[in-house]
S.K.: 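The structure's right below; bear with me while I get my questions together.
All residue numbers in this chain count up from 1 along the given sequence.
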Amino acid sequence: MNVLAFDLGASSGRAVAGRVDGNRLAFWEVHRFENSPVRVGERLYWDVLRLFHELKQGLLKARQTGFSELHSVGIDTWGVDFGLIGTHGELLGNPYHYRDSLIDGKLEEVCAILPKREIFARTGIQFMPINSLYRLYALKQSGSPLLEQAASFLMMPDLLRYFLTGEKKSEWTNASTTQLYNPLTRSWDEYILQGLGLPAEMFAEAVEPGQVVGALQPSLCAELECPPLPVVAVGEHDTASAVAAIPSLSPDFAYLSCGTWSLLGTEVPQPVINDQALEWNFTNEGGVNRTFRLLKNIMGLWLFEECRRCWAVGGTRLGYEEMVALAGGAKPFQRFIDPDDPMFLHPAHMPKQIQQYCRDTGQSVPESKGEILRCVLESLAMKYRLVLVRTELLSGKHFAGLHLVGGGVNNALLCQWTANAIGCPVWAGPAEATALGNLAVQLIAHGQLRDIREARALLRESLAIKSYEPQEAALWNEAYGLFQKVTGCH
């Protein structure tokens, strides 16, 4: 039984086909495409129609490469962003990108209207200016005709699924990222919606991962010459899919989903909503199998990628491996940043912003590209240590190591430095975790796998996991103290 996963990240997307093949999960990438935001004037948008075109290309290529008998498709994407559908069923404008500046200052404005403690008690979600809540509030405050004309609110995977099926459904794991969804009542929170004057009627009931939510529309089947394939709601937030693919045999594990964003945490049966979680700004996002992802969002390799982009604009194009080599060749522990400082959310020039942070905190200013990149990677490793310690305290668990999945698996330097910083092993892999979790949920829905536990065991047998053991413990412990001192991260 062949299934197809559409896995869309903040910079690229792909279509991955897979099936259970004996005692392993066999999978093949059949299509890959770029996902670049588009700036028009002061606004930053997602090119969602191009993304839908690429989904269609993925369906065509899957059929052309030996998967003519697909049994379902599923979509996962990043969280927080959304599209608005009008009363006639058409998309009202391109969705805004989460780094668009219209949200600047809106978190503070909302918290002046509704108590911060009350928002957290009702959602369990950490406070980040990119959350959907603040985008909707910004649209209302600006008198946007989009919000006035909207009949339906659909998160990015919901929107793409709507284009495929014509069915308007929300999905639980992605709905939970909005800071508008109550995990205790499993419904959109009326107190928050009413308090901010947002129309409750445009929010659809959220379905669980593993539920079939329609089939390909007849017009699409005619265009692509394909049957009306079922579309399964997987863990449609990409981190939910990534966590579903953690190859752990124990239910108590810590994970780091490392890409443009880094998300570090653990899986828990109930949300952890208390004063300490609020103070440390942790989040409780929905997970597969009615679990919760207790985690912390960390800025991630966005800093690394933005340095690369800025240097390319200036005429210096560096390969990823070349950048890692430059970082490895620079002198260690010279300076640190807090990756989550708001100044790094959408700066005009990331390398200059890193230099400014060091200047502002009384540190030596990195001048070479290697010095800047080493500062980024060492600071990420140190922030991972801080968040892992806090995850243990909030969950009441102790972790023997850290499962690292996602694109960061390919950065051996970051993997090793993370092991050094946390003082325990890092088990790196799979890089394809989001797509594999997507496939796994579809296969469970078809009865090809019993449950998520069997899926994880199958993945453990199917994949090569690389282990990184901690090194130079005394040096890294001393450097961690310096990181805490200069960044104020305690």
S.K.: Tell me, yes or no, whether the heavy-atom count around E118 atom CD, taken from other residues, nucleotides or ligands under 6.0 Å, exceeds 12.
M.R.: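 Yes, because the 6.0 Å sphere around CD of E118 holds more than 12 heavy atoms from other groups.
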S.K.: For Q448, does its backbone N or O pair with a side-chain atom of H446 as donor and acceptor, under 3.5 Å?
M.R.: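 Pair absent, no side-chain N/O of H446 close to backbone of Q448.
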S.K.: Do you see a donor-acceptor pair shorter than 3.5 Å between the side chains of Q442 and S72?
M.R.: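 Note: Q442 and S72 side chains meet the donor-acceptor criterion.
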S.K.: Before giving the answer on side chain to side chain donor-acceptor pair (under 3.5 Å), spell out for S187 and T185 the whole-Å C-alpha distance, their side-chain angles and the decisive distance to 0.1 Å.
M.R.: CA-CA 5 Å; S187 63; T185 63; 2.8 Å; yes
S.K.: Run the numbers on K169 and E205 for salt bridge (charged side-chain N to carboxylate O under 4.0 Å, His left out), then give the verdict.
M.R.: CA-CA 7 Å; K169 300 284 187 181; E205 181 181 358; over 6 Å; no
S.K.: Can any side-chain N or O of D21 pair as donor or acceptor with the backbone N or O of R24 at less than 3.5 Å?
M.R.: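 Pair absent, no side-chain N/O of D21 close to backbone of R24.
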S.K.: Side chains of S262 and Y384: do they bring a donor and an acceptor to under 3.5 Å?
M.R.: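 Note: S262 and Y384 side chains meet the donor-acceptor criterion.
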S.K.: Within the supplied structure, the quantity of interest is the number of heavy atoms (other residues, nucleotides, ligands) at a distance under 6.0 Å from E109 CD; does it exceed 12?
M.R.: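 For E109, atom CD is crowded (more than 12 foreign heavy atoms under 6.0 Å).
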S.K.: Counting C-beta onward and ignoring hydrogens, is there a side-chain heavy-atom pair between L295 and F282 closer than 4.5 Å?
M.R.: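 When only atoms from C-beta onward are counted, F282 and L295 do not touch, as no gap falls below 4.5 Å.
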S.K.: May I have the step-by-step check of ring pair (Phe, Tyr, Trp, His ring centres under 6.0 Å) for Y96 and Y45, ending in yes or no?
M.R.: CA-CA 4 Å; Y96 289 100; Y45 302 95; 5.3 Å; yes
S.K.: Decide side-chain contact (heavy atoms from CB on, under 4.5 Å) for T434 and V405; before the verdict, give the C-alpha distance in whole Å, the side-chain angles of both, and the deciding distance to 0.1 Å.
M.R.: CA-CA 9 Å; T434 49; V405 299; over 6 Å; no
S.K.: Measure from NZ or CZ of R19 to the centre of the six-membered ring of F27, then state whether that distance is under 6.0 Å and the direction lies within 45° of the axis.
M.R.: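 No, cation not above the ring by the 6.0 Å, 45° rule.
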S.K.: If you compare all heavy atoms of G210 against all heavy atoms of A445, which two are closest, and at what distance to 0.1 Å?
M.R.: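 Taking every non-hydrogen atom into account, O-CB, 3.4 Å.
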S.K.: Is a side-chain donor or acceptor of N131 paired with a backbone partner of Y134 at a separation under 3.5 angstrom?
M.R.: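 No, the answer is negative, given that no donor and acceptor are paired below the 3.5 Å cut-off.
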S.K.: Does any donor atom in the side chain of H346 or D100 lie under 3.5 Å from an acceptor atom in the other side chain?
M.R.: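 Not at all, the side chains of H346 and D100 share no donor-acceptor pair under 3.5 Å.
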S.K.: Just do the side-chain contact (heavy atoms from CB on, under 4.5 Å) check on F399 and T266 with the steps written out, would you?
M.R.: CA-CA 10 Å; F399 306 110; T266 190; 3.6 Å; yes
S.K.: Whether R117 and D275 form a salt bridge (side-chain N of Lys/Arg under 4.0 Å from carboxylate O of Asp/Glu) is what I want to check.
M.R.: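 The answer is yes: the pair qualifies as a salt bridge.
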S.K.: Kindly compute the distance separating CD (Q179) from CD1 (I130), expressed to the nearest 0.5 Å.
M.R.: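 Rounded to the nearest 0.5 Å, the CD-CD1 separation comes out at 10.5 Å.
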S.K.: Might you point out which heavy atoms bring D341 and M299 nearest each other, and give the distance in Å?
M.R.: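 Looking at all heavy atoms of both residues, the closest pair is O-CE, 4.1 Å.
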S.K.: Less than 4.5 Å apart, side chain to side chain, heavy atoms only: is that true for F153 and L136?
M.R.: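 Touching, per the 4.5 Å side-chain cut-off.
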S.K.: Please find the pair of heavy atoms, one from L70 and one from A62, that lie closest to each other, and give the distance.
M.R.: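 What the structure gives for the nearest pair is CD1-CB, 4.0 Å.
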S.K.: Check whether E432 reaches the backbone of G406 with its side chain - one donor and one acceptor, N or O, closer than 3.5 Å.
M.R.: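 Not a single qualifying donor-acceptor pair exists.
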S.K.: How far apart are the C-alpha atoms of S152 and F203, what are their side-chain angles, what is the distance that settles it, and do they pass the side-chain contact (heavy atoms from CB on, under 4.5 Å) test?
M.R.: CA-CA 6 Å; S152 300; F203 296 91; over 6 Å; no
S.K.: Check whether any side-chain heavy atom of V234 sits under 4.5 Å from a side-chain heavy atom of E171, and report yes or no.
M.R.: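 No. Closest side-chain heavy atoms not under 4.5 Å.
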S.K.: State which residue, out of T123, T173, I125, T291, fulfils the side-chain contact (heavy atoms from CB on, under 4.5 Å) condition with E285.
M.R.: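 The passing option is I125.
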S.K.: For a 4.5 angstrom cut-off between non-hydrogen side-chain atoms, does L159 reach P157?
M.R.: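 L159 does not reach P157 side chain to side chain.
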S.K.: Flag this pair as yes if the NZ/CZ of K116 is under 6.0 angstrom from the six-membered ring centre of F127 and inside a 45 degree cone about the axis; otherwise no.
M.R.: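 Output yes; distance and angle both within limits.
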S.K.: Can you see which heavy atom on N174 is nearest to which on V80, and at what distance?
M.R.: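 The pair with the smallest heavy-atom distance is OD1-N, 4.1 Å.
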S.K.: Is it true that a side-chain atom of R135 and a backbone atom of H97 form a donor plus acceptor pair closer than 3.5 Å?
M.R.: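 Indeed, once roles are kept as given, a pair shorter than 3.5 Å links the two residues.
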S.K.: Could you grab the distance from atom NZ of K140 to atom CG of L146, nearest 0.5 Å is fine?
M.R.: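 CG of L146 is found 14.0 Å from NZ of K140.
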S.K.: I'd like to know if the side chain of D81 reaches the main chain of Y98, judged simply by a donor and an acceptor atom lying under 3.5 Å from each other, with no hydrogens or angles considered.
M.R.: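 At least one qualifying donor-acceptor pair exists.
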S.K.: Between CZ of F253 and CH2 of W427, what distance do you get to the nearest 0.5 Å?
M.R.: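 F253 CZ to W427 CH2: 11.5 Å, rounded to 0.5 Å.
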S.K.: Salt bridge (charged side-chain N to carboxylate O under 4.0 Å, His left out), that's the test. Do D338 and K383 meet it? Break it down for me.
M.R.: CA-CA 7 Å; D338 178 2; K383 193 65 181 278; 2.8 Å; yes
S.K.: Give me the one residue out of F82, F52, W78 that meets ring-ring contact (aromatic ring centres under 6.0 Å, His included) with W46.
M.R.: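 Exactly one candidate clears the test, W78.
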S.K.: Side chains of Q126 and N297: any donor to acceptor distance under 3.5 Å?
M.R.: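 N297 vs Q126: donor-acceptor pair found between side chains.
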S.K.: With heavy-atom distances below 4.5 Å as the criterion, would you say the side chains of L164 and I75 are in contact?
M.R.: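 Side chain of L164 against side chain of I75, heavy atoms only: contact under 4.5 Å found.
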S.K.: With a 4.5 Å limit on heavy-atom distance, are the side chains of R290 and R186 in contact?
M.R.: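 Yes, their side chains come closer than 4.5 Å.
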S.K.: Check whether the side chains of D76 and N438 place a donor and an acceptor atom closer than 3.5 Å, and report yes or no.
M.R.: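 On atom types as modelled, these side chains qualify, holding a pair under 3.5 Å.
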S.K.: Regarding S219 and Q217, do their side chains bring together a donor and an acceptor under 3.5 Å, going by distance alone?
M.R.: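 Side chains of S219 and Q217: no pair found under 3.5 Å.
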S.K.: Quick check for you: to the nearest 0.5 Å, what is the distance between E54 atom CD and L49 atom CG?
M.R.: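 If we round to the nearest 0.5 Å, E54:CD and L49:CG are 12.0 Å apart.
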S.K.: Determine the minimum heavy-atom distance between I298 and P339, stating which atoms define it.
M.R.: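 Nearest pair, atom of I298 first, then P339: CG2-CB, 4.5 Å.
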S.K.: Hey, is the main chain of L198 close enough, under 3.5 Å, to the side chain of Y137 for a donor-acceptor pair?
M.R.: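 No, Y137 side chain to L198 backbone: no donor-acceptor pair under 3.5 Å.
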S.K.: Using modelled atom types only, decide if a donor and an acceptor are shared between the side chain of R63 and the backbone of E225 within a distance under 3.5 Å.
M.R.: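 Checking the backbone N and O of E225 against the side chain of R63, a donor-acceptor pair under 3.5 Å is found.
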S.K.: Does any N or O in the side chain of W172 come within less than 3.5 Å of the main-chain N or O of G287, such that one atom is a donor and the other an acceptor?
M.R.: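 Yes, because the side chain of W172 sits within donor-acceptor range (under 3.5 Å) of the backbone of G287.
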S.K.: Any side-chain heavy-atom pair from V30 and L4 closer than 4.5 angstrom?
M.R.: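 Heavy-atom side-chain distance check passes, below 4.5 Å.
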S.K.: Walk me through whether R308 and E305 qualify under salt bridge (charged side-chain N to carboxylate O under 4.0 Å, His left out).
M.R.: CA-CA 5 Å; R308 182 186 188 185; E305 293 161 359; over 6 Å; no
S.K.: Go through V243 and V288 one step at a time and tell me if the side-chain contact (heavy atoms from CB on, under 4.5 Å) criterion holds.
M.R.: CA-CA 8 Å; V243 173; V288 170; over 6 Å; no
S.K.: With rounding to the nearest 0.5 angstrom, report the CZ to CD1 distance, F120 to I273.
M.R.: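 Between F120 CZ and I273 CD1, I get 6.0 Å after rounding to 0.5 Å.
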S.K.: Hey, what do you get for CG (L380) to CH2 (W302), rounding to the nearest 0.5 Å?
M.R.: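 These two atoms lie 13.5 Å from each other.
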S.K.: Any side-chain heavy-atom pair from S248 and H403 closer than 4.5 angstrom?
M.R.: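 Of all side-chain heavy-atom pairs linking H403 with S248, at least one is under 4.5 Å.
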S.K.: Counting distance only, does the side-chain N/O of R293 pair as donor-acceptor with the main-chain N or O of G286 below 3.5 Å?
M.R.: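 Yes; at least one donor-acceptor contact below 3.5 Å.
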S.K.: Please determine whether the number of non-hydrogen atoms from other residues, nucleotides or ligands lying under 6.0 Å from atom NZ of K106 exceeds 12.
M.R.: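 Enclosed: over 12 neighbouring heavy atoms sit under 6.0 Å from NZ of K106.
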S.K.: Kindly check if the number of other-residue, nucleotide or ligand heavy atoms within 6.0 Å of CZ (R43) is above 12?
M.R.: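 Yes, CZ of R43 has more than 12 neighbouring heavy atoms, counting only those of other groups under 6.0 Å.
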S.K.: Using salt bridge (charged side-chain N to carboxylate O under 4.0 Å, His left out), reason through K56 and E223 one step at a time and then give a plain yes or no.
M.R.: CA-CA 9 Å; K56 291 194 285 186; E223 177 188 351; 3.0 Å; yes
